[in-house]
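The next block holds one structure in the form of structure tokens; read it before the comments.
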Amino acid sequence: MAPDPNPVPKGKERPPSTIEELDVLWLTAGLSCDGDSVSITAASEPSIEDVILGAIPGLPKVRLHNAVLSYEVGDDFMKAFHKGARGELENFVLVVEGSIPNEKLSGDGYWAAIGTDAATGEPIKTTEWIDRLAPKALAVIGAGTCAAYGGIHAMKGNPTGCMGLQDYLGAEWKSKAGLPIVNVPGCPVQPDNFMETFLYLLRQLAGLAPMIPVDGHGRPRWLFGPTVHEGCDRGAYYEEADFAQEYGSRKCLVKIGCWGPVVQCNVPKRGWIAGLGGCPNVGGICIGCTMPGFPDKFMPFMDEPPGARISSVLVKPYGVLIRNLRKITNHTLNKEPKWRNREPTYTTGYEPDRPNKTHPL
Ligand code: SF4
Ligand code: SF4
């Protein structure tokens, strides 16, 4: 065999990828505010530009089709979706943003649609797009709580009867590549949470990572395992039963509406953008926006969560005692040792005649 005229320098080999190119069909036409599409533009680990420009070696080349971020408009923008529906896209990932309406309730009209059917001239419903695309997608991702679980649009009293992906496709649904629905909840989704999950899936589809670990609600376990409270830097105030009575306080917010102890989310730990911002860590009560029960089970948001009344009462005797004991220790730690002085003789315990003697503290 003839030697390769352009050998790859040692150490620069590209890891083997089973997929060279991939389209991302991002359906923003659920019942949504496009907040998740906007949110991901703030990501940096990785940024969306990193992924599209191929800054990460070994991953498929990504073509993103998102109405909020796309250069193409109108029918040009819809071409990739029609190709995907016709089975002409070899590899694509379907991302759904927004709640999925129950079109059985929309009568002769429709709740949500994008694009037009060339044969009938009628708008193509969002549900129709999901029906056409999901069976052909390598993976289906719910971006944000609305797509994942229904979210704010699906609250009690809504007229659309809307729902999340697992309600629509079924909790046991699997893609043709064998992946379950992957949900990245959040209202909106935390930028790096989405991009990190997307990166994981790209690595998996490229044959570089094992099956994505998700819980029974489709959430990546490494992001949504711990609770808000477990990552909140106000936890010490909670432990010492030192609770804020009003907004603007630096103390624990549980008595003014924080649901952090029972909500799975990493935002206070991770920050919002580049480690900055968040929710309870910076003074905003956690309203449970990542949870399947959001928002109804958390309202009215600014009332004390019922469970917090019990736990904050129980923690009080221990917390107050510990806080006072710590104050005493803190007081002693704020004093320098007495041997730091200007006396003409040693008071440090050092003995000039026996300089190697060690002194216990
Ligand atoms: S502010 Fe909320 S999340 Fe933070 S320690 Fe208090 S209850 Fe927990
Ligand atoms: S901390 Fe609470 S309110 Fe903030 S993003 Fe997480 S779940 Fe939503």
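Just follow the structure's listing: the first ligand is 1, and inside any ligand the first atom is 1.
- Among protein residues, Val228, His229, Cys232, Arg234, Gly235, Cys252, Leu253, Val254, Cys258, Gly260, Pro261, Pro280 come within 4.0 Å of ligand 1, judged on heavy atoms.
- Counting only distance, with no hydrogens or angles, the side chain of Asp23 and the backbone of Ala80 share no donor-acceptor pair below 3.5 Å.
- With hydrogens and angles left out, the side-chain atoms of Gln190 and Trp272 include no donor and acceptor closer than 3.5 Å.
- In terms of modelled atom types and a separation under 3.5 Å, the side chain of Arg323 and the main chain of Glu240 share a donor-acceptor contact.
- The atoms of ligand 2 that sit less than 4.0 Å from any heavy atom of Thr290 are 7 (S).
- Listed for the Asn183 side chain is no donor-acceptor partner under 3.5 Å among the backbone atoms of Pro185.
- The nearest pair of heavy atoms linking Arg219 to Pro292 is NH1-CD, 3.8 Å.
- The closest donor-acceptor contact from the side chain of Asp192 to the backbone of Glu45 lies under 3.5 Å.
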